[in-house]
> 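The structure's right below; bear with me while I get my questions together.
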Amino acid sequence: MKHIHKRIVLGAMIAFLPMGLMAQEMAEVAEVDSTTVVDEVNVAFRTVKQKDLMGGISVVDVASLTDKNYTTYSLDNMQAFVGGYNGNLWNMGDVLVLVDGVPRDADNVMPTEIDQITFLKSAAAVVLYGSRAAKGVVLISTKRGKEDGLQVRVRGNATLYVPKCYPEYLGSAEYMTLYNEARANDGLSATYSEEDIYNTAAGTNPYRYPDVNFFSSDYLKKAYNRWDATAEFSGGGRYAHFYTNIGFYTVGDLINFGEGKNNHTNRLNVRGNIDLRLNDWVTGWVNANATFYDTRGDNANYWTNSATLRPNRVSPLIPISYVEENDANSWTLINNSNYLVDGQYLLGGTQLDSTNPFAAMYVAGYNKWTSRQFQFDAGINFDLDKVLKGLSFCTQFAIDYETSYTTSIDNDYATYGATWTNYNGKDVIASLTKYNKDSSTGTQNMSNSAETQTMLFSGQFNYNRVFGRDHSVSAVLLAHGYQQSISGEYHRVSNANLGLQVGYSYRGKYYADFSSAAVHSAKLAEGHRQAFSPTLSVAWRLSEEDFMKDLSFVDDLKLTASVANLHQDLDIDDYYMYDEIFTSTGTWWGWNESANSIQTSDSQRGENLDLTFIKRKEFTVGLDASLWKGLVRLNANFFTTSTEGLIAEASSTLYPSYFYTYWPVSSFLPYANLNNNRRTGFDFAINLHKKAGEVDLNLGITGMYYKSKATQIDESVEYDYLKTEGQPIDAIWGLQSDGFLTQEDIDAGYSSSYAEVSPGDIKYIDQNGDGVINTYDRVVLGKYGSPFTMGLNLTAKWKDLTFFMACTGSFGGKGIKSNTYWWVYGDRKYSAVVRNRWTPETADTATYPRLTTQSGDNNFQNSDFWLYSTNRFDIAKVQITYDLPKTWLKNSFIKGVSVYLSGSSLLTIAKEREYMEMNVGSAPQCRSYNLGLKAEF
């Protein structure tokens, strides 16, 4: 039997044998990389040695990572370090973010404040946090003081943000030409004359023939800056130690005219904590944080308008130098205007466009968003060893308060339309027409006031004891709960549960853990508001078995497995969904139009008091390994998660058809736990570390592959291919295209329920052969989520020089190009994609349907015509750090100085890179370049 075990393990390790040859050539023994390896890991309500973790848990040592990878967001590029994380965990959805155990925003704690981040992926890892943790937990632990004397660290950074790209829209002349073409396609006469198009193209007078480009250097900078500084203080002795972090940053804006020049965001934060030892059996802590945000912005809504305002609609400015000197009425308007830009220009407008974002940028005023966040938590630990050896008690209380509001100066303004004429070959303004009026009260307005309050309390008994050196027993019995009050919402966000964890380990070889929670939800009817969530985990350290002793290349090898049944209310969208609803003002009924008509009270929903929790049923298997003296480290997890009892309105498959009527609109159909989903996949993190001489190399590769399936859906469809059951959860449904329509297709009877079609419209496949294109012809085109995501991090250190790189990738997903840049119809702004439109002359080469001034409903449906691959590989971060030699600082009070240069979002490799890097209707995506300095005292 011993030899059988040995063959099995050898087979499992054969993929790593080439690494063994590398290990034999090592000049030195590899040291463990500190980025993802720590001594102790913060998990739910306790701390566990990393070697004793039970699977489904990953950790990042942010304090060490920040030394070589300075970032400004706590979860920046974590996909490069954590398998199974791509913005959420195991593609479950929104995770619960806890900062020092309290639900808080991840973007309100800077990386320089963080010690470590733990990613709790499996159900067994999150169960103690209750219902609201059922989709995973990101546990952020901030830095604390140590007993090593006063430590001071300061850091300063200057960052340059450079836009990746802007949308490309047609200029006025080309737009007017193609708009006339679109009207001709619709059987309408031209809107723009050839003379107007010619004069616009000639560009002789841009005030008379405007050609507005929002992204011109006249309006935007080439780049904008961010400046930040941080100071950290820590220290203490046996009875007290402290940590303080003070940080400030200011960020500018791309807009370079009017109020946009003053746009900025400032942030000041002060975070501190104190750990106290009152005596040998009572310790405590206090954490506090205050954050102040101030953002100033213009009232122009510039970026949104950049995607909608057509280039020829309005001239932003009207030069008064063109106004005839003897036009008394116009000069009266000019002299009475409150706003004369640079003393030379009136604000331009028309009857249809009596306001415009350029005028608003100059004179409409500005707004200031102010936010204040105050966070406080404290706790006490009691060592009850004298009562029962290994027993302790801990309690924590937290209260957070956040308030925000907007103040603004809102000005009304007049614009002016110019009537142009030409005298002796010279353009002049014959008259001015005023639209609106100037009004500036100087009154500061207040709006968007919002408040959020979080209160948390937990208390727990802990038991940790080793019997006879071989038997380790741990237990936690806890009560935990928090509430968040959010302004404008009647019900508080609540989470309350009891928790029990019991663990056993024999010699660090065999492990068993039972963790559970009794959860409560006020979203359900009485009698259904409590549930029990059990989990069971086991682990086996094979490397401690006798049959592994001869495998010298194996440092550590551990298998884990867990089963779980969590109950959650995260996917219960609202309160009282179990209750029936009757309207007080229903349909009017009567035999005639006389006063005898009455108004009914109609049912809108039926009752279901048996509505209950959604369940997360899960099975996982994990592997942890360290090989060749730390040269290779591996963590991998297989998971299959079934989400059962998702809530949906019952269909006519369960209830008689008369439970729902179209007129009057009335329903007795209740909500019920009807639908099930399943996610299956695996994640991995491989770390390769080799040190030879003065060169230290570390390569980390992470990834996750998963697939999803709707395993049970309450639905009634006419054709089997329309069933969502059996399809991916995030399936993309749409029509299948078949080129462009010809007149022969239309003459042959082609019909679309979406719109009357013409040659050059998109042709679709009639899936059911009923002779008409409609919603019954939709099929699955792909899935939004990427089945495979990965990350890579590389560190190369030589003497005092460190090179770091982080990359991320996602593969297998699809998307629909459906924004206004691609779906151009009616009076929308024309983008560069319409240049490849269908015309009778380009019928064989066109890649875009014919232009239309109508709704274009046939063409602008979800279909594979607009489908694109979201496959991408990103070089997300590169940083070079130089540490000044210690000998230079030997006789000074400075302990260390580092200078670093970095770039973020540097390169995207993707077929659809241009589309994915382009923002439409919002500020552009940017690459950033940072120069930083860090000093320790």
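In this chain, residues are counted from 1 in sequence order.
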> Should the ring pair Tyr510 and Tyr506 be called parallel, tilted or perpendicular, given that the plane angle runs from 0 to 90° and is split at 30 and 60?
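Aromatic pair Tyr510/Tyr506 classed parallel.
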> For His480 and Phe45: C-alpha separation, side-chain torsions, deciding distance, then whether ring pair (Phe, Tyr, Trp, His ring centres under 6.0 Å) applies.
CA-CA 10 Å; His480 171 255; Phe45 298 102; 5.1 Å; yes
> I'd like to know if the side chain of Arg679 reaches the main chain of Ser708, judged simply by a donor and an acceptor atom lying under 3.5 Å from each other, with no hydrogens or angles considered.
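Side chain of Arg679 to backbone of Ser708, a donor-acceptor pair under 3.5 Å: no, none is there.
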> If only atom types and distance count, is the side chain of Lys121 paired as donor or acceptor with the main-chain N or O of Gly83 below 3.5 Å?
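At least one qualifying donor-acceptor pair exists.
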> Can a donor-acceptor pair be found, under 3.5 Å and without considering hydrogens, that links the side chain of Thr66 to the backbone of Thr112?
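Checked: no pair found.
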> Shortest non-hydrogen contact from Leu697 to Ala796?
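Distance-wise, the nearest heavy atoms are CD2-CB, 3.5 Å.
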> What's the separation between atom CG in Asn69 and atom OG in Ser64, rounded to the nearest 0.5 Å?
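Answer rounded to 0.5 Å: 12.0 Å.
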> Please say whether more than 12 non-hydrogen atoms of neighbouring residues, nucleotides or ligands are located less than 6.0 Å from NZ in Lys146.
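No, the 6.0 Å shell around NZ holds no more than 12 heavy atoms from other groups.
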> State whether Asp569 and Arg616 are salt-bridged, where the test is any N-O pair (Lys NZ or Arg NE/NH1/NH2 against Asp/Glu carboxylate O) under 4.0 Å.
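No salt bridge links Asp569 with Arg616.
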> What are the two closest non-hydrogen atoms of Ala479 and Leu498, and how far apart are they?
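Here Ala479 and Leu498 meet closest at CB-CD2, 3.7 Å.
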> How many angstroms lie between atom OH of Tyr243 and atom CD of Glu232, to the nearest 0.5 angstrom?
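If we round to the nearest 0.5 Å, Tyr243:OH and Glu232:CD are 3.5 Å apart.
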> Judged by modelled atom types alone, do Asp100 and Thr142 share a side-chain donor-acceptor pair under 3.5 Å?
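Note: Asp100 and Thr142 side chains meet the donor-acceptor criterion.
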> Could you measure the distance from the OG atom of Ser472 to the CG atom of Asn464? Nearest 0.5 Å is fine.
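Rounded to the nearest 0.5 Å, the OG-CG separation comes out at 9.0 Å.
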> I would like to know whether Val621 and Phe682 meet side chain to side chain contact (heavy atoms under 4.5 Å, CB included); could you show each step before the answer?
CA-CA 9 Å; Val621 177; Phe682 64 89; over 6 Å; no
> Any side-chain donor-acceptor pair under 3.5 Å between Asn676 and Thr711?
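Absent: no donor and acceptor within the cut-off.
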> For Phe532 and His567, what are the C-alpha separation, side-chain angles and deciding distance, and is it a ring pair (Phe, Tyr, Trp, His ring centres under 6.0 Å)?
CA-CA 7 Å; Phe532 181 65; His567 293 73; 8.3 Å; no
> Give a yes or no on whether the backbone of Asn42 and the side-chain of Gln116 come within a donor-acceptor separation of less than 3.5 Å.
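Checking the backbone N and O of Asn42 against the side chain of Gln116, a donor-acceptor pair under 3.5 Å is found.
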> Can you find a side-chain donor-acceptor pair between Asn273 and Trp285 that sits under 3.5 Å?
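Their side chains do not contain a donor-acceptor pair, so the 3.5 Å distance test is not met.
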> Flag the pair Arg238 and Asp280 as a salt bridge only when some basic side-chain nitrogen lies within less than 4.0 angstrom of an acidic carboxylate oxygen.
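Result for this pair is yes, salt bridge flagged.
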> Run through Asp555, Asp556, Asn635 and flag the one making a side chain to side chain donor-acceptor pair (under 3.5 Å) with Ser626.
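Going through Asp555, Asp556, Asn635 one by one, the side chain to side chain donor-acceptor pair (under 3.5 Å) with Ser626 is satisfied by Asp555 alone.
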> Looking at every non-hydrogen atom in both residues, tell me the closest pair between Ser533 and Val127 and how far apart they are.
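Looking at all heavy atoms of both residues, the closest pair is O-CG2, 3.5 Å.
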> Side-chain contact, heavy-atom cut-off 4.5 Å: Val82 with Val60?
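Counting from C-beta outward, Val82 and Val60 do come under 4.5 Å.
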> Just checking, is any N or O donor in the side chain of Gln879 or Thr881 under 3.5 Å from an acceptor N or O on the other one?
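Side chains of Gln879 and Thr881: pair found under 3.5 Å.
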> Report yes or no: do Ser122 and Thr620 form a side-chain donor-acceptor pair below 3.5 Å?
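Side chains of Ser122 and Thr620: no pair found under 3.5 Å.
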> Could you state the interatomic distance from CG (Asn91) to OH (Tyr85), rounded to the nearest 0.5 Å?
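Asn91 CG to Tyr85 OH: 12.0 Å, rounded to 0.5 Å.
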> Does any part of the side chain of Pro111, heavy atoms only, come nearer than 4.5 Å to the side chain of Tyr73, both counted from C-beta?
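When only atoms from C-beta onward are counted, Pro111 and Tyr73 do not touch, as no gap falls below 4.5 Å.
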> Checking side-chain contact (heavy atoms from CB on, under 4.5 Å) against Phe613, which of Asp571, Leu570, Val519, Leu566 comes through?
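That would be Val519; it is the only one of Asp571, Leu570, Val519, Leu566 passing the side-chain contact (heavy atoms from CB on, under 4.5 Å) with Phe613.
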> Would you find more than 12 non-hydrogen atoms of other residues, nucleotides or ligands less than 6.0 Å from Leu559 atom CG?
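Atom CG in Leu559 is packed in, count exceeds 12.
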> Taking only Lys NZ, Arg NE, NH1 and NH2, and the carboxylate oxygens of Asp or Glu, determine whether Asp696 and Lys799 approach each other closer than 4.0 Å.
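No, Asp696 and Lys799 are not salt-bridged.
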> Could you give the distance from NZ (Lys707) to CZ (Arg678), rounded to the nearest 0.5 Å?
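Atom-to-atom, Lys707:NZ and Arg678:CZ are 8.0 Å apart.
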> Kindly give the heavy-atom pair with the smallest separation between Val126 and Gly136, and that separation in Å.
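Nearest heavy atoms, Val126 then Gly136: CG1-CA, 4.0 Å.
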> Does Thr702 reach the main-chain N or O of Gln79 with its side chain, forming a donor-acceptor pair under 3.5 Å?
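A pair under 3.5 Å: yes.
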> I'd like to know if the side chain of Asp39 pairs up with that of Gln50 as donor and acceptor (distance under 3.5 Å, no hydrogens or angles considered).
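On atom types as modelled, these side chains do not qualify, holding no pair under 3.5 Å.
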> Taking the side chain as every heavy atom from C-beta outward, state whether Phe873 and Met790 have any atom pair closer than 4.5 Å.
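Phe873 reaches Met790 side chain to side chain.
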> State, with a plain yes or no, whether a side-chain heavy atom of Asn677 is found less than 4.5 Å away from one of Leu646.
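In short, these two side chains touch, coming nearer than 4.5 Å.
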> Less than 4.5 Å apart, side chain to side chain, heavy atoms only: is that true for Asn462 and Cys394?
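A side-chain contact exists here, since the closest heavy-atom pair is under 4.5 Å.
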> Could you measure the distance from the CD atom of Gln396 to the CG atom of Asn287? Nearest 0.5 Å is fine.
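The CD atom of Gln396 sits 7.5 Å away from the CG atom of Asn287.
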> Mind checking whether Asn793 and Phe804 have side chains closer than 4.5 Å, heavy atoms only?
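Asn793 reaches Phe804 side chain to side chain.
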> Salt-bridged, Lys143 to Glu113, with N to O below 4.0 Å?
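Salt bridge flag = no for Glu113 with Lys143.
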> Whether Lys558 engages the ring of Tyr511 as a cation-pi pair (distance to the six-membered ring centre under 6.0 angstrom, angle to the ring normal within 45°) should be assessed.
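Ring-cation test returns yes.
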> Taking only Lys NZ, Arg NE, NH1 and NH2, and the carboxylate oxygens of Asp or Glu, determine whether Asp275 and Arg144 approach each other closer than 4.0 Å.
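Answer for the salt bridge query: yes.
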> Report yes if some heavy atom in the side chain of Leu89 is under 4.5 Å from a heavy atom in the side chain of Phe119; otherwise report no.
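Leu89 reaches Phe119 side chain to side chain.
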> Near Lys709 NZ, under 6.0 Å, is it more than 12 heavy atoms from other residues, nucleotides or ligands?
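12 or below, so no.
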> Partners of Pro787 by side-chain contact (heavy atoms from CB on, under 4.5 Å), sequence neighbours excluded?
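With neighbours one apart ignored, the set is Tyr705, Lys783.
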> Are the side chain of His241 and the backbone N or O of Gly145 linked by a donor-acceptor pair below 3.5 Å?
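Yes; at least one donor-acceptor contact below 3.5 Å.
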> Could you check whether atom NZ of Lys549 has more than 12 heavy atoms from other residues, nucleotides or ligands sitting under 6.0 Å from it?
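Counting neighbours around NZ of Lys549, more than 12 heavy atoms of other residues, nucleotides or ligands fall under 6.0 Å, so yes.
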> Using only atom types and a distance under 3.5 Å, with no angle test, would you say the side chain of Thr789 pairs donor to acceptor with the backbone of Gly703?
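Absent.
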> Which heavy-atom pair separates Ala517 from Asn497 by the least distance, and what is that distance?
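That would be CB-ND2, 4.1 Å.
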> For Arg507, give me all partners under salt bridge (charged side-chain N to carboxylate O under 4.0 Å, His left out), at least two apart in sequence or on another chain.
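Applying salt bridge (charged side-chain N to carboxylate O under 4.0 Å, His left out) to Arg507 gives Asp470.
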> Looking just at side-chain N and O atoms, do Thr641 and Glu618 make a donor-acceptor pair shorter than 3.5 Å?
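A pair is found: one side chain offers a donor N or O, the other an acceptor, under 3.5 Å apart.
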> Distance-only criterion, 3.5 Å: show the donor-acceptor pairs between side-chain atoms of residues 381-393 and protein atoms not counting sequence neighbours.
| residue | atom | partner | partner atom | Å |
| --- | --- | --- | --- | --- |
| Asn381 | ND2 | Thr283 | OG1 | 3.4 |
| Asp383 | OD1 | Asp385 | N | 3.0 |
| Asp385 | OD1 | Gly390 | N | 2.8 |

> Side chains of Asp94 and Asn88 only: does a donor on one sit below 3.5 Å from an acceptor on the other?
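Their side chains do not contain a donor-acceptor pair, so the 3.5 Å distance test is not met.
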> Kindly indicate whether the side chain of Arg104, heavy atoms from C-beta on, has any atom under 4.5 Å from the side chain of Val109.
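A side-chain contact is absent here, since even the closest heavy-atom pair is not under 4.5 Å.
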> Of the non-hydrogen atoms in Ser516 and Pro534, which two are nearest, and what is the gap between them?
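For Ser516 and Pro534, the tightest heavy-atom pair comes out as CB-CA, 4.0 Å.
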